[in-house]
Each structure stands twice: as C-alpha cells, then as structure tokens.
Amino acid sequence: MLDKLTYAGRKENFQDVKDDPGFEFVHGAIEDSNAVAEALEDGIDAIVNFAAETHVDRSIAEPDAFVRTHALGTYVLLEAAREREMRYVQVSTDEVYGSIDEGTFTEESPLRPSSPYSATKTGADLLVQSYFHTYELPASIVRGSNNYGPYQYPEKLIPLMVLNALHGDKLPVYGDGMQVRNWIHATDFARAIGHVLAHGKAGEVYNAGGPDEQANIEVVRRIIELTDASEDQIEYVKDRPGHDRRYSLSSEKVRALGWAPRVRFEDGLAETVAWYRENVWWWKPIRSGDYRAYYERQYGKTLS
Ligand code: DAU
C-alpha cells in the first residue's frame, strides 16, 4: 500500500491489517514516480488507485491539491502500469455524473461534474479511458456512491454529525437538508472494487451504488435518535456553493458480474454510530488536532 498520509490518513487506520502476510506500507504520494516505483518493486500484479483528495468543501476552498492528486497522480500511476503491463483499476465516484432529480445514473449517462473535486475526478477517469484506447492498458473504472462506516474522517456528513451529536455541538445542515445521497457501506464498496479487479472487463466502467437513498435531514434525525441527542442541536446553515441535489446510481452492470451490497443503511448507520461511541481513542486526537482549525474555517464555529 502506498499512502501519502495526508490530514485524513493515519497508520491507525490500517493497524488491523499491517501484520498480514503480503501487506507492506510505503509512505509516499502517487504523484511521486520514485515512490510509486518503490511501492511496485516486487510481487505486485495490479494497481488499484484509491488515492484521492475526497472532500468537496475543501475542493471549493483550495482546489490545488485536487488537481495535483487526481490529474498528475493518476497519470503517474497509469504510466507505471503501462511500463509494467499491469492490470489497473481506478476508484471513482458517482459525482462525475453531476446531480439527478429523478431516475438513476447508468454508466452511459453524460459526465457533468460540478465541483473542483468531481471535475478533477472526471478528468482522471477520462485519462484512464484514454490509456485503454491508446495503449490497450487493461484498465477498468469503479464509480461508488457515498461511503460510510468506521475510520471515516469526521469532515464527512455522518461522522461529523455523530461526533457533534455526542458532544452537544450544533449539527450544521446545509441549505434545506433535502439533498439526497445513495449510501454504501465501505465494506460493500471494497468488495465491489475487488470484484471489478477480479471479474471486470478492461475498458469498462462499473457503477457500485448502495442499497438505500436518504435525504440528509433524515440521516441527521436518525443520528440524533441513536446518540440520544436533541433536535435543538440542528442548525440550518448557508448552503454549499453549487451543491448537488441528488445522487443515484444504477449498479446493474456490476450486479450482473455477481456483486451485491449486503449492508442496509439502517443497520450500517447504527453500527457506525456504535463504532464511534466505542472508539474514542481513534477520533480524540483528530478532534483535538488540525480538524478543529478546519472546522472553525469551514463553519465559523468552535467545537466543544
Ligand atoms: O457520492 C460520492 C461522494 O461522496 C465521494 O465522491 C466524495 O469523496 C465524498 O466526500 C462524498 O461527497 P458528498 O459531498 O456527498 O459528502 P459529504 O459527507 O461532504 O456530504 C454529504 C451531504 O451532506 C451533502 O449533501 C452535503 C451535506 N452536508 C455535509 C456536511 C459535511 C451537510 O449538510 N452538512 C455538513 O456539515
């Protein structure tokens, strides 16, 4: 595994697998070709590019890291794969399709990204497709919907709301809270990526969406119930600029290969809340570190 360990990456996140046979960690960036070469030294037969700057709000405030990681980083990995004739899988997102009010996106839907985050992810997808068409690189793309589960950095909706709820802090809902997201548990998405790596066709794109869609305000209300917090903590705040209203993915193509999500949102959310309750050791250093300054910049409020 090659990882830059940016603000959202920590060795604690892979402590459960670090002693597994075959696991090796190289500290470095995907845009650094020397680090990539070191990570690919021996016994590696495929590259799966999970590396990304993922947070839409950060891409709006400071897009530069997004361009570097998604454009340059993907290029460096593709070149490394081409040189070594390796299988390549790009981990992508439903955000490349933009927002959809009704119906669901298929792999044939037009690409209409709306934030610097999703635009740079779209650029990376197109570069991957060009390497298939031009150099016959055996590359596939997997586009996931909103991931959630343990170990998720608390800038994202679910962990942010869980930790704020547990601390008695305000729960900042953007706009009217009626934006809809298609939630997929991280373990289901990980299985989808493995499935495409093993069974997907080169040159193809596969959507992997979760089994349930829910409006943000409903997610927040459920978190309030699960944490015994109060509805008074909800605070409607200024909307995200260019905020996508709804994401929805059709996953028929990867389902036809034999994958299906296993975790319903209701169960996965309850388990995730329980995980954050029990794993104070994991989030305490984050909530008392740089994240506080980020939160103040983003929300104009201090965390308790
Ligand atoms: O759809 C897949 C995408 O899901 C991934 O490609 C992105 O990397 C990932 O960050 C996520 O994007 P979203 O923008 O949908 O996730 P986020 O957790 O930031 O927000 C989810 C929804 O909740 C969105 O409608 C914005 C809203 N929200 C978010 C935060 C952080 C709030 O209302 N308040 C908040 O404080």
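In this chain, numbering begins with 1 at the start of the sequence shown. In listed order, ligands and their atoms are each counted from 1. In this text, all values refer to a predicted model and were calculated from it rather than measured experimentally.
For Tyr295 and Glu155, the side-chain atoms include no donor-acceptor pair closer than 3.5 Å. For the residue pair Tyr117 and Asp57, no side-chain donor N or O sits within less than 3.5 Å of a side-chain acceptor on the partner. Looking only at atom types and distance, the side chain of Asn164 has a donor-acceptor partner in the side chain of Arg287 under 3.5 Å away. For the 3.5 Å distance criterion, the side chains of Arg277 and Thr227 fail to qualify, holding no donor opposite an acceptor. Counted by atom type alone, Tyr247 and Asp244 present one or more donor-acceptor pairs between their side chains at under 3.5 Å.
The closest approach between Gln298 and ligand 1 stays at or above 4.0 Å for every heavy atom of the residue. Ligand 1 is never approached by Lys121 to a heavy-atom distance shorter than 4.0 Å.
Residue, atom and distance of the protein heavy atom nearest to atom 29 (C) of ligand 1 are Tyr174 CE1, 3.7 Å. For atom 23 (O) of ligand 1, the nearest non-hydrogen atom of the protein is Asn216 ND2, 3.3 Å. Here the protein heavy atom with the shortest distance to atom 5 (C) of ligand 1 is Tyr117 OH, 3.5 Å. The nearest protein atom to atom 15 (O) of ligand 1, hydrogens excluded, is given as Arg181 NE, 2.7 Å; this is a heavy-atom distance.
Residue contacts with ligand 1, taken as heavy atom pairs separated by less than 4.0 Å, do not involve Ala52 at all. Contact annotation: for Lys156 versus ligand 1, heavy atoms closer than 4.0 Å belong to both the backbone and the side chain. At a 4.0 Å heavy-atom cut-off, ligand 1 touches Thr54 through backbone and side chain alike.
In this structure, Arg10 is positioned above the aromatic face of Trp282, its NZ or CZ under 6.0 Å from the six-membered ring centre and within 45° of the axis. Note that Arg58 lies in the cation-pi zone of Tyr7, set by a 6.0 Å cut-off to the ring centre and a 45° limit from the axis.
With distances taken over non-hydrogen atoms, the option nearest atom 4 (O) of ligand 1 out of Asp94, Thr93, Asn146, Val219 is Asn146. Comparing Glu95, His243, Gln179, Glu235 by heavy-atom distance to atom 24 (C) of ligand 1, the nearest is His243. Comparing heavy-atom distances from atom 17 (P) of ligand 1 across Arg245, Met178, Arg240 singles out Arg240 as nearest.
Nearest heavy-atom pair across Glu107 and Asn207 is OE2-N, 2.8 Å. What you find for Ile141 and Gln129 is that their closest heavy atoms are CD1-CG, 3.8 Å.
Geometrically, ligand 1 and Pro172 share a nitrogen or oxygen pair separated by less than 3.5 Å. Considering backbone and side-chain atoms together, Leu157 places an N or O closer than 3.5 Å to an N or O of ligand 1.
Counting heavy-atom neighbours within 6.0 Å of Arg245 CZ, excluding the residue itself, gives a total above 12. A 6.0 Å sphere centred on CD of Glu136 holds no more than 12 heavy atoms belonging to other residues, nucleotides or ligands.
Taking every heavy atom of Tyr247 and a limit of under 4.0 angstrom, the matching atoms of ligand 1 come to 1 (O), 15 (O). Shown in contact with Val173 at under 4.0 Å from a heavy atom are these atoms of ligand 1, numbered in order with element: 33 (O). Shown in contact with His55 at under 4.0 Å from a heavy atom are these atoms of ligand 1, numbered in order with element: 19 (O). The Ser145 neighbourhood of ligand 1 comprises atoms 1 (O), 2 (C), with distances under 4.0 Å to a heavy atom of that residue. Heavy-atom contacts of Tyr299 reach the following atoms of ligand 1: 30 (C), 31 (C), 35 (C), 36 (O) (cutoff under 4.0 Å). Close contacts between ligand 1 and Glu155 involve ligand atoms 31 (C) [criterion: under 4.0 Å to a heavy atom].
Two rings, from Tyr153 and Tyr291, have their centers less than 6.0 Å apart.
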